[in-house]
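To start, the structure under review is shown below, and the notes come after it.
Naming: A, B, ... by sequence-line order, numbering from 1 per chain.
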Amino acid sequence: MSRRRTLLPLLVVVTAPVALCSGPGAEPAVGSGAAVRTAAAAPAAVARATTVAPTPAPAARPEAGVAPASRREMARVPAGSYLPLYAAGRRRVPVAAFEMDRYPVTRAEYLEFVRRHPEWRRSRVAVAGYLADWRGDLDFGDATDARRPVTRVPRAAAQAFCAAEGKRLPTTDEWEYAAGAGVDRRDAASDPAFRQRLLELYTRPRGAEPAPIGSTFRNAFGLSDLHGLVWEWVQDAMPADHAHHAGGAHDMGCAGSANGATDPDDYPAFLRYAFRAALTPDATLPNLGFRCAR
Amino acid sequence: MTKLAVRRATRFGTAIVAAAALGGLAFTFKAEAGSGARIPVRTPEPVRGVEVAKLTDPPFVPPPITRTYATKVVVNLDVVEKPMRLADGVEYNMWTFGGTVPGKFIRVREGDMVELHLRNMAGNSMPHNIDLHAVTGPGGGAKVTMTMPGSETVFTFTALNPGLYVYHCATAPVPVHIANGMYGLILVEPKGGLPKVDREYYVMQSEFYTKGKHGEAGLQPFDFQKGVDERPEYVVFNGAEGALLGEHALRAKQGETVRLYVGNAGPNLTSSFHLIGEIFDNVYQEGGTMASQHNVQTTLIPAGGAAIVEFRAEEPGDYTLVDHSIFRAFNKGALGLLKVDGQPNLAIYKGQAGTPAAE
Ligand SMILES: [Cu+2]
């Protein structure tokens, strides 16, 4: 297991360090995790963090003119608004209509992608842990794994996958808005029973590998597995989550995280925001996948 | 030390300005005008050598420190998420420091430079960090230890203040991380150590907020509403019902002196810690370094706090640890046992056989 500070410096970190707990800014203690990563040759540029006007990541160059239309189903999410965990004045944030993949991207789908885009094969990408569970560049393992979500992919790879389909990663706002839907209603985010259900999904014991897609629930937007299958990449990380908050960057590392929250009872949101706060773009976690939007 | 400082100290009468290089650590007691409070100025003493801390699982405690100087102590703490027994037939997906609830007991010496390696195991779901109450600095370490599964962070602090301290995870939402088992104790021994005793044990009280009622079988998830309402289904010592009962009871021999390091993780309740049939000869209230009270029946231990209790086991038999908020002991699991082996001392304790009462 590698230390965070020893991970290969590969991607430009576009996210600013989050100020943790009260007190002076994040000056790293001796050998703390607040290691500085430097720019190096990146296979794909990392999208600028932006919440309002997301810019699709520049695609990794597709193979000779092949731009396959996605066979993967999407659901249309109508325009609406949601209340972020941190929002100055408790103002709801408007979200324009968008489309989102119904399911997280599977291993079989990702295999198709790396077939067409050799530069994203495991042996070509110098990110620690990238597709570490695969048997080879073009072999994700057992056929029964085909419908499991692909995981252990850094954000740039997820962005490249989406770009190759003419899509992009969802923004935090889009993801949170979409994820606030329950089975029967589009705005269940403040429903105590819905929150309890999410808490149970998030904190249940993790299997060695995520279950196949479709194994949790489909929400009122027609989106499945947003909760409790894998965590999912969004194109903007924590500081953008907090852009709504007048106080700026928030601390997910102590009880102070309740300060300024629009609803301190929204524990599932705290778990999600804390997870994203701890993410770095080169994370290749076995329980972190993605889906695309456009 | 300036002349002015001496004059001020003399004038206020309450202060002793002592830049005594006790073991290398300079203590300077300054008077605060009007308060009479003495607040030492602590500067880290030179650190010599490196050692890796031997950590123990509850109810055991690492041996006393015999070093007479400060050193660099490497503490390796692994965060492990796994289902564990909470009661017979009841499991809970515990989030742990070191694979046990409570987590590993850490023992260092005042002045030590602690290099803490927090490793979040790759199979885990959540980021975690650590806030040690023994730390001087923002967040108690939480600020610099947020760690993703599969990663490790390293953080260094100097143990300026001796005492018995709680540590816990402080990742949002903090109550869930504590309610799921992420806590333990760290003892910072004062220079010269604590008085010698024959036995030392590690006991920590905490609550569990399960969706199912007390005793309901199966893997039980955390129940948010019960947590907010402070209505736990379980109040236990050392992470599970029966963790200190039966073959797991604490043991001592007649005549031995016993010291318990008792923590209370909460997350909500204050403990009225009591040992049925014993009287605490010494209590280091709230985990401080002074035996501040003697002859105590029940000592209060705040959530996120600790206490050190000492007694001599004079009489053999079974002694029950309880939270004397007694429904917690009787109905929610706050029971433990200390078994003292030896010969009954009739001068101390003697029962008479029953005889029919006169009509
Ligand atoms: Cu934690």
Practice task
Check whether any side-chain N or O of Trp231(A) sits under 3.5 Å from a backbone N or O of Ser125(B) as a donor-acceptor pair, and report yes or no.
Solution key: yes

Practice task
Answer yes or no: is there a donor N or O on one side and an acceptor on the other, between the side chain of Gln196(A) and the main chain of Phe222(B), under 3.5 Å?
Solution key: yes

Exercise for the section: Identify which of Met126(B), Lys82(B), His128(B) forms the greatest number of heavy-atom pairs closer than 4.5 Å to chain A. Expected result: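 If we count pairs closer than 4.5 Å to chain A, Met126(B) comes out on top.
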
First locate atom [atom1] of [X], then atom [atom2] of [Y], and finally report the distance between them rounded to the nearest 0.5 Å.
X	Y	atom1	atom2	result
Gln225(B)	Asp265(A)	CD	CG	7.5 Å
Glu81(B)	Arg206(A)	CD	CZ	8.0 Å
Glu200(A)	Leu219(B)	CD	CG	10.0 Å
Met148(B)	Leu288(A)	CE	CG	7.5 Å

Exercise for the section: Considering non-hydrogen atoms only, spot the tightest contact between Ala278(A) and Pro127(B) and give its length. Expected result: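 Here Ala278(A) and Pro127(B) meet closest at CB-CB, 3.7 Å.
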
Problem - Over all atoms of both residues, closest heavy-atom pair of Asn93(B) and Thr203(A) - result: ND2-O, 2.8 Å

Handout entry: Validation row: Tyr267(A), Pro175(B) side chains within 4.5 angstrom (heavy atoms)
Key = yes

Problem - Sub-4.5 Å side-chain heavy-atom contact between His177(B) and Leu271(A) - result: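 His177(B) reaches Leu271(A) side chain to side chain.
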
Handout entry: Contact class of Arg195(A) relative to chain B, heavy atoms under 4.5 angstrom
Key =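 Contact with chain B: none, neither part.
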
Problem - Pro205(A) portion near chain B, given a 4.5 angstrom heavy-atom threshold - result: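 Both parts, heavy atoms under 4.5 Å.
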
Handout entry: Within 6.0 Å of CE in Met94(B), more than 12 heavy atoms from elsewhere
Key =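 Enclosed: over 12 neighbouring heavy atoms sit under 6.0 Å from CE of Met94(B).
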
Practice task
Return yes when atom CD of Glu286(B) has more than 12 non-hydrogen atoms of other residues, nucleotides or ligands closer than 6.0 Å, and no otherwise.
Solution key: no

